[in-house]
Amino acid sequence: MRAAVGAEPEGTRGHQALMVIAQNIDQAESGEAPICQDTGMPTFEIKVPLGLDQIWMKGRIREAVAEATRRGKLRPNSVDSITGKNSGDNLGPGTPVIHFEQWERDDIEMRLILKGGGCENTNVQYSVPVELAHLGRADRTLEGVRKCILHAVWQAQGKGCSPGALGVCIGGDRTAGYQHAKEQLFRTLDDVNPDPTLAGLEAQIMATVNGLGVGPMGFGGQVSLIGCKIGALNRLPASFFVSVAYDCWAFRRLGVTLDAKTGAIRGWLYREGKSELMLAPGQADAGFPRTGREIALRAPIDEATIRSLEVGDVVLISGRMYTGRDAVHTHLMKHEPPVDLRGGVLYHCGPVMLKEGERWRVVAAGPTTSIREEPYQGEVIKRYGLRAVIGKGGMGAKTLAALKEHGAVYLNAIGGAAQFYARTIERVDGVSLLEFGTPEAMWHLETRDFPAIVTMDAHGNSLHQVVEESSARALAGMRG
Ligand code: SF4
């Protein structure tokens with residue numbers, strides 16, 4: 001990420017986004033707080049010597065996950081898929097994910113990855129041969145695999161909080177392919193693939209992919225990917241899958257080796273450079289890197305002010321903001337809002353919150369991926385008079401039309417910058433719809449100088465559309 005910051009020219013949107021991310025990384029480090037509010041699906045990959053009691057180990061892992069959730073280190077992220085109820089402790093069928101494998105060593109190796117929903121939703125699996133937009137046919141060759149990987153980065157745009165890292169599996173069946181792709185994400189970014197063919201493909205991807213110009217958060221720029229790790233599995237003669245696991249810049253992994261007899265920690269993995277900060281000491285709270293062109297807004301906001309904004313404007317929002325994501329949007333399609341939203345700002349955010357006495361404290365509060373609300377957003381803006389929607393990754397044509405018709409803007413906050421944004425929230429003034437669980441409730445937040453970029457304005461312009469089209473042209477130039 002330090003290399004990424006250095007690659008984006010100062011004063012560009014990409015550089016501003018990365019500077020926010022850099023501050024966020026240092027703030028999370030110094031506060032031992034979640035680097036992003038979406039603490040993801042806890043996924044454990046464990047190697048054990050023969051004869052170890054895996055049932056006992058699973059029990060301890062589940063206890064630890066529940067405790068980390070209680071302490072506000074993990075957001076309650078386990079939702080019953082039938083009832084929609086959040087279990088509240090990150091435990092439930094399939095949560096956490098725990099895989100064991102036996103090996104011939106006498107110690108235990110345990111690795112954990114926390115991969116959030118935004119990047120998980122951008123995972124993709126290709127069944128080749130396949131026709132790919134802008135790239136043409138991808139065959140059952142390494143060249144076809146190359147095309148699939150480039151296509152995966154292009155279609156993710158900023159939705160997975162770019163710059164991201166890819167784990168790729170060539171072959172396998174659908175299930176094993178995705179699993180092996182995710183396993184590649186446990187490799188360190190600077191390792192070299194022991195298979196020279198795959199090492200060559202990884203190098204080829206990294207040498208060209210940033211030419212797509214997707215850039216940080218999909219704002220356009222020089223850095224779209226920070227790593228690409230490729231593995232391969234044998235396949236059935238009739239199948240040829242290319243599975244791509246996309247991880248965001250937050251790229252949270254941790255590992256430990258344990259003495260199998262005593263449980264003592266023998267060593268940590270991924271802890272190199274732990275004490276190294278991204279920025280110089282004292283810069284972690286420098287705030288949004290300003291250019292002097294920022295526009296201060298106070299919510300509620302009037303229509304004329306909103307209509308005067310244009311794509312590319314950077315705004316600093318103070319005043320009341322309400323959170324609302326999937327459950328709130330579904331609710332608002334059938335019920336009146338619990339608060340007056342006229343002139344209001346709706347933040348696509350599922351924060352990590354802690355109750356301290358009678359008051360709630362924001363532990364982490366970055367934006368969530370907005371495109372999920374595309375089926376509802378235009379209608380919600382129209383019905384309730386919202387003037388601004390904040391999220392990440394952009395929204396589609398329906399929302400763009402509604403912004404124009406009803407006088408509203410879409411603001412892109414910096415994805416994953418949960419500590420940074422938590423510091424812009426002065427207090428929590430209340431909460432509605434808490435029965436949906438803390439990530440899905442409607443929180444009433446009082447903010448000060450909350451920075452975001454107008455990426456869809458009330459004149460029908462969308463930065464996301466522009467970047468998608470220009471990166472599509474770049475992609476077409478990589479057809480080979
Ligand atoms: S950084 Fe972005 S993609 Fe990653 S977990 Fe956070 S919100 Fe999701």
Side-chain angles (χ1 to χ4, degrees), residues 1 4-5 14 17-29 33-43 68 73-79 90 95-97 112-124 152-153 155-167 182 185 214-219 223-227 244-254 278 323-326 347-352 362-373 390-395 411-422 438-440 452-453 455 464:
M1 288 307 291
V5 174
L18 289 171
M19 286 306 288
V20 168
I21 288 171
Q23 288 185 45
N24 183 76
I25 290 171
D26 288 353
Q27 288 163 346
E29 167 78 18
I35 198 166
C36 171
Q37 78 290 336
D38 185 354
T39 53
M41 173 66 85
T43 303
K73 307 291 181 192
L74 294 177
R75 187 178 72 179
N77 259 359
S78 177
V79 175
N90 271 313
T95 330
V97 176
L112 165 68
I113 190 165
L114 299 174
K115 188 168 174 301
C119 52
E120 185 68 11
N121 292 351
T122 59
N123 289 357
V124 57
V153 177
Q155 58 97 38
Q157 292 289 309
K159 298 183 197 78
C161 289
S162 52
L166 296 187
K182 202 175 247 188
L185 293 171
V214 170
M217 292 299 130
F219 291 166
V223 194
S224 307
L225 210 62
I226 54 175
V244 181
Y246 187 108
D247 207 343
C248 52
W249 67 260
F251 206 26
R252 290 157 294 186
R253 304 162 302 171
L254 191 58
M278 285 285 290
T323 66
R325 39 181 276 165
D326 311 63
Y347 184 21
H348 295 163
C349 171
V352 181
V362 183
V363 178
T368 191
T369 312
S370 300
I371 196 70
R372 298 195 308 274
E373 317 314 338
I390 308 176
K392 72 167 169 87
M395 302 194 75
L411 305 170
N412 206 117
I414 310 306
Q419 291 309 312
F420 181 90
Y421 282 113
T438 54
E440 296 282 349
I453 298 174
T455 53
H464 307 284

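For clarity, every value in this text was computed on a predicted model and none was experimentally measured. Whatever order the structure lists them in is the order used to number ligands and atoms, beginning at 1.
For atom 8 (Fe) of ligand 1, the nearest protein heavy atom (residue, atom name, distance) is G118 N, 3.8 Å. For atom 2 (Fe) of ligand 1, the closest non-hydrogen atom on the protein side is C161 SG, 2.3 Å.
For ligand 1, the atoms lying closer than 4.0 Å to a non-hydrogen atom of C36 are 1 (S), 5 (S), 6 (Fe), 7 (S). Heavy-atom contacts of R252 reach the following atoms of ligand 1: 5 (S) (cutoff under 4.0 Å). Ligand 1 places these atoms under 4.0 Å from at least one heavy atom of G116: 5 (S). Heavy-atom contacts of C119 reach the following atoms of ligand 1: 3 (S) (cutoff under 4.0 Å).
At a cut-off of 3.5 Å, with distance as the only test, a side-chain donor of E120 or N123 sits close to an acceptor on the other residue.
Panel note: side chain K392, backbone K159; a donor-acceptor pair is recorded below 3.5 Å. Looking only at distances, no side-chain donor or acceptor of S370 sits under 3.5 Å from a matching main-chain atom of G394.
When non-hydrogen atoms are compared, ligand 1 lies under 4.0 Å from the side chain of K392 (C-beta onward) but not from its backbone.
Remark: H348 NE2 to T323 OG1 distance equals 10.0 Å, nearest 0.5 Å. Atom-to-atom distance recorded for K182:NZ and D247:CG is 8.5 Å, nearest 0.5 angstrom. Atoms CD1 and CD1, on I414 and I453 in that order, are 5.0 Å from each other to the nearest 0.5 Å.
Taking 2.8 Å as the criterion, C248 does not count as a coordinating residue of atom 6 (Fe) of ligand 1, since none of its N, O or S atoms falls below it.
At least one heavy atom of G160 sits under 4.0 Å from some atom of ligand 1.
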